[in-house]
Amino acid sequence: MAIERTFQPLPPWQRTDYCGALRASDAGRQVALWGWVSGRRDHGGLVFLDLRDREGIVQVVFNPERSAAAHEHARTVRAEYFVAVKGEVVRRAPNTVNAALPSGGIEVMADALEVLNASAPPPFPIADEEIAGSQSGAMSLSGSQSGAMVSEELRLRYRYLDLRRPRMQRNLRLRHAIVRATRAHFDEHGFVEVETPILWRPTPEGARDYLVPSRVNPGRFYALPQSPQLLKQVLMVGGLDRYYQIAKCFRDEDLRANRQPEFSQIDVEMTCPRPEDIMTIVEGMFARIYRDALGVTLSVPFTRLTYEEAMERFGSDKPDARFGMELKNLTDAFAKTELNVIRRSLAEGGAVYALKLSGEFQPTRRELDELVAQTHSRFGLGLSWAKVAGSEWQGPIAKHIGHTERSGAALALELKAGDTLFLIAGARDKVRPALGDVRLQLGTRFARPARHLLRFLWVVNFPLFEYSEQEKRLTSVNHPFTAPCPEELEALERDPLSAHSLSYDVVLNGEELGGGSIRIHNSEVQLKIFELLGLSREQAVDKFGFLLEALSYGAPPHGGIALGVDRIAMLVCGTDSLRDVMAFPKTQRAVDLMSGAPTEVDSAQLKELSVKVVL
RNA sequence: GGGGUCGUAGUUCAGCCCGGUUAGAACGCCGGCCUGUCACGUCGGAAGUCGUGGGUUCAAAUCCCAUCGGCCCCGCCA
């Protein structure tokens, strides 16, 4: 076939409307449309096509009495053909109205049809989902997105088809609304968007870097930024006063459902802020995002918890506050217990924490056993449980628990018959996170009615350092540029582990959405922190010389925050996978199934880069 | 690096435990009929490297080992 008969680079006519945007008020209009064939119902004499574009679908009717040629042509089209249609919008007869379709009150009587491109049969249905979706009404904000059952492998392999599906269309447009609201918000508050380089230098601390060889500097490498942290600090020294950016970040670590190797951050920094100022700006940003994207009004300010309070009450530095089941310290009640395991850990200075699962929920023995096993394998701690039956307890440990312990627990936890009590003893710093994990498991399993809630909160005053068993040294809880609390500066050297930082994390429903801090703007203090982290002056200058130098030239106090755009989009879209809010995500093995990246490269390219592959 | 789970027509899955006829179903696809369907209906048809490799066995989708890939989790990662 002659190529000019199969390839028409220009459309035969201009579109007047989006298919999915047509409504009863358009009745009587002549329209020109284009879109994908979403479904075909061929009655021999009469052909119905569902035509889909990004706004939705509209039914097009081909009647031989109106146009014999168009009718004949319509019989040959198939799913996902891209076609152009001209016709008249007509109101449907009452008995043929389709209430399940926003455009169901009207249809387009076709006068002409052009196939702009045929389609091979798609490997999975594009159309199924929109019908299911339209019948069940508007998608819930946080409900699960089951959609048409298609394996994710296929969806990623044919991502362009997956993106045609209404769910992905909706998610990407919600994400767009988030980014637009973000830009508007920061712009209105005097923040300047500045781009920072993607090719930059490796910085120690944190994750593995993605490296890029430099052709013109053989043997040297750029690193893709894990975040623009240092650059934004330098921008403050540079006098930008208020900066923000939607920044691409790269970390070469193993993937999770909520972790991709490249992701976007809303990166913010300002001059002379108090933590309050940053938190207020960010609360305003979230309020704007939820208003613009979903029409939801958030109540601000968000709850604020100190790190210590979060750990004490929830056993987590990113508490899911949609449900209660808070931890209680029962160390005193168990001070004289006869239960050996607990007595032993108390003797070693340990603590006892407990939580209760309300009697309306009854875990099975199997679920209990799994929790015990998981707590042991993840934290190396023994989880004990007991069922409350009046003043007695039932379960493996029940007979070893004395009256004092039982009444102490009953008082602290307000135990009622039927409740299940969970208990862990050991070093306090291990017990709280372990029980926090149990709390989360139980909450996800049993407290599901609270799913739709939006429980934003701030966790502030993180410890400045923690001790790394692996590296046998102090490491920064946040990053080494985080400023210590001013009243603790004095104690910094004496007892660094007791120091806290001017830091704040924003958490929604147990998911950390972002974190930031007031930074160190003094090169001597910065050097002192490096020293505590085990970095010599020489090493510090080698790696961060440019920062130390910048700080020495009248660097103003500054601070900021970084927020995960992808995670925010996940929560706004009500999905539990980052892959559903990114156009072209990678698999757990960091592969792009559509393009096949990463690929091998030919030897000439490697040679040019002075790189040798050793496998 | 480790644990779990899945892999069978284009798709979603059954069959696998307890090995044995020609590996089934639904949707999709192809062809016929059909002027009010919208999950159209109806009649007919095609469609399989049972992920891959090896082993056990007279015989393997089924049992064993290895390996590849998707997903979830731990480690890792702010």
Side-chain angles (χ1 to χ4, degrees), chain A residues 38-51 57-66 71 75 78-80 90 92-101 103-104 107 109 120-132 134-135 148-158 161 205-209 226-227 229 249-261 263 265 317-318 370 373-374 377-380 437 441 459 462 468 470 475-479 482 503 505-507 511-517 561-564 567 576-577 579 586-589 591 593:
Chain A
S38 191
R40 183 185 96 239
R41 291 172 296 282
D42 183 350
H43 288 230
L46 211 52
V47 176
F48 299 93
L49 292 186
D50 291 333
L51 206 56
I57 63 180
V58 70
Q59 173 164 276
V60 183
V61 186
F62 293 84
N63 190 325
E65 290 161 16
R66 189 172 178 115
H71 171 261
R75 303 194 69 176
R78 294 293 181 267
E80 301 311 315
V90 301
R92 294 202 199 184
N95 60 322
T96 63
V97 164
N98 184 352
L101 220 54
S103 68
E107 59 197 357
M109 301 301 296
F124 54 85
I126 314 301
D128 271 11
E129 185 189 58
E130 64 197 302
I131 291 152
S134 60
Q135 281 176 343
M149 297 301 283
V150 181
S151 82
E152 193 151 16
E153 194 172 354
L154 263 192
R155 290 175 52 203
L156 293 176
R157 163 105 172 71
Y158 299 96
L161 294 179
E205 281 290 324
R208 271 184 285 266
D209 287 313
Q226 295 179 26
S227 84
Q229 177 59 39
C249 306
F250 306 85
R251 289 176 193 161
D252 186 7
E253 294 295 342
D254 287 351
L255 283 69
R256 285 286 191 286
N258 60 3
R259 234 155 64 193
Q260 283 273 315
F263 58 97
Q265 277 188 348
D317 61 1
K318 44 175 184 170
E370 266 169 29
Q374 210 164 52
S377 78
R378 284 188 196 172
F379 301 93
D437 189 63
Q441 308 264 354
V459 178
F462 280 75
S468 165
Q470 273 179 358
T475 58
S476 293
V477 167
N478 194 293
H479 52 57
T482 305
S503 57
D505 276 11
V506 60
V507 175
E511 187 98 29
E512 183 197 330
L513 294 184
S517 60
I561 191 167
L563 305 134
R567 285 188 183 183
D576 48 18
S577 170
R579 297 181 297 273
K586 292 177 180 61
T587 69
Q588 197 160 45
R589 293 172 54 82
V591 168
L593 289 181

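None of these values were measured; they are calculated from a predicted model. The sequence lines fix the lettering, A, B, ..., with proteins before strands; numbering per chain opens at 1.
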Counting any heavy atom closer than 4.0 Å, what does [X] reach on the DNA or RNA strands: base, sugar-phosphate only, or nothing?
X        : result
A:Arg78  : sugar-phosphate
A:Arg259 : base
A:Gln588 : base
A:Val477 : base
A:Asn63  : base
A:Arg589 : sugar-phosphate
A:Ser151 : sugar-phosphate
A:Gln441 : nothing
A:Phe124 : nothing

In terms of side-chain heavy atoms of [X], which of [options] is nearest?
X        : options             : answer
A:Met109 : B:G36, B:C74, B:C38 : B:G36
A:Asn98  : B:U37, B:C38, B:G70 : B:C38
A:Ala207 : B:C77, B:G36, B:G70 : B:C77
A:Pro64  : B:C38, B:U35, B:G70 : B:U35
A:Gln265 : B:C38, B:A78, B:C76 : B:A78
A:Leu46  : B:U35, B:U37, B:C73 : B:U35
A:Ala257 : B:C72, B:C71, B:C38 : B:C72
A:Arg579 : B:U35, B:C71, B:U37 : B:C71

Please name all residues satisfying salt bridge (charged side-chain N to carboxylate O under 4.0 Å, His left out) with [X], sequence neighbours left out, ordered by chain then number.
X        : value
A:Glu153 : none
A:Arg208 : A:Glu253
A:Arg155 : A:Asp162, A:Asp580
A:Arg78  : none

Please state the [atom1] separation for the pair [N] and [M] - nearest whole angstrom.
N     : M     : atom1 : answer
B:U5  : B:G10 : P     : 28 Å
B:C63 : B:C50 : P     : 16 Å
B:C27 : B:A39 : C1'   : 10 Å
B:A23 : B:A61 : P     : 10 Å
B:C72 : B:G55 : C1'   : 31 Å
B:C71 : B:A78 : C1'   : 24 Å
B:C6  : B:U12 : P     : 16 Å
B:G51 : B:U62 : P     : 8 Å

Candidate list A:Val459, A:Asp505, A:Val506, A:Leu563, test side chain to side chain contact (heavy atoms under 4.5 Å, CB included), partner A:Glu512, passing option:
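Answer after filtering A:Val459, A:Asp505, A:Val506, A:Leu563: A:Asp505.
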Between the base of [N] and the side chain of [X], is one N or O donor paired with an acceptor at under 3.5 angstrom?
X        : N     : result
A:Arg40  : B:C40 : no
A:Asp254 : B:G75 : yes
A:Arg256 : B:G75 : yes
A:Glu107 : B:G36 : yes

Do NZ/NE/NH1/NH2 and the carboxylate oxygens of A:Asp50 and A:Arg41 come within less than 4.0 Å?
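Here A:Asp50 pairs with A:Arg41 in a salt bridge, since their nearest N and O are under 4.0 Å apart.
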Check whether A:Arg259 reaches the backbone of A:Asp254 with its side chain - one donor and one acceptor, N or O, closer than 3.5 Å.
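Checked: pair present.
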List the residues meeting ring-ring contact (aromatic ring centres under 6.0 Å, His included) with A:Phe250, not counting sequence neighbours, and say none if there are none.
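So A:Phe250 forms no ring-ring contact (aromatic ring centres under 6.0 Å, His included) with any residue.
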Please identify each residue that fulfils side-chain contact (heavy atoms from CB on, under 4.5 Å) with A:Arg75, with sequence neighbours left out.
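Expected list: A:Asp42, A:Val47, A:His71, A:Glu72.
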Residues that A:Val477 engages under side-chain contact (heavy atoms from CB on, under 4.5 Å), provided they are two or more places apart
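Checked A:Val477 against side-chain contact (heavy atoms from CB on, under 4.5 Å); matches are A:Phe462, A:Pro463, A:Glu466.
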Watson-Crick/G-U partner (both atom distances under 3.5 Å) of [N]:
N     : value
B:C76 : none
B:G44 : B:C30
B:U22 : none
B:G69 : B:C6

Rounded at 0.5 Å granularity, tell me how far CD in A:Gln59 sits from CG in A:Leu51.
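Reported to 0.5 Å precision, the distance equals 11.0 Å.
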Could you give the distance from CD (A:Gln229) to CG (A:Asn478), rounded to the nearest 0.5 Å?
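Here the interatomic distance stands at 7.5 Å.
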Does OP1 or OP2 of [N] have a side-chain N or O of [X] closer than 4.0 Å?
X        : N     : value
A:Arg75  : B:G31 : no
A:Gln374 : B:G3  : no
A:Arg41  : B:U37 : no

On RNA chain B, check which nucleotide each of A:Leu593 and A:Arg208 is closest to and give me the residue with the more 5' one.
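Nearest nucleotide further toward 5': that of A:Leu593.
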How do A:Glu512 and A:Glu65 order along RNA chain B: which one's closest nucleotide is nearer the 5' end?
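The residue mapped nearer the 5' terminus is A:Glu65.
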Dump the intermediate steps for side-chain contact (heavy atoms from CB on, under 4.5 Å) on A:Asn98 and A:Arg92, then the final yes or no.
CA-CA 9 Å; A:Asn98 184 352; A:Arg92 294 202 199 184; 3.6 Å; yes
Calculate the interatomic distance between A:Glu80 atom CD and B:U11 atom P; express it in whole Å.
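So the CD-P distance, A:Glu80 to B:U11, works out to 16 Å.
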Rounding to a whole Å, what distance do you find between A:Arg157:CZ and B:C71:C1'?
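After rounding, the reported distance stands at 18 Å.
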Are A:His43 and the base of B:U37 stacked, counting only ring centres nearer than 5.5 Å and planes tilted under 30°?
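By the stated criterion, A:His43 and B:U37 do not stack.
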Report each atom pair, protein N/O against N/O of nucleotides 4-7 of chain B, whose distance is under 3.5 angstrom.
none

List, with names and distances, any nitrogen or oxygen atoms from the protein found under 3.5 Å away from nitrogen or oxygen atoms belonging to nucleotides 41-45 of chain B.
none

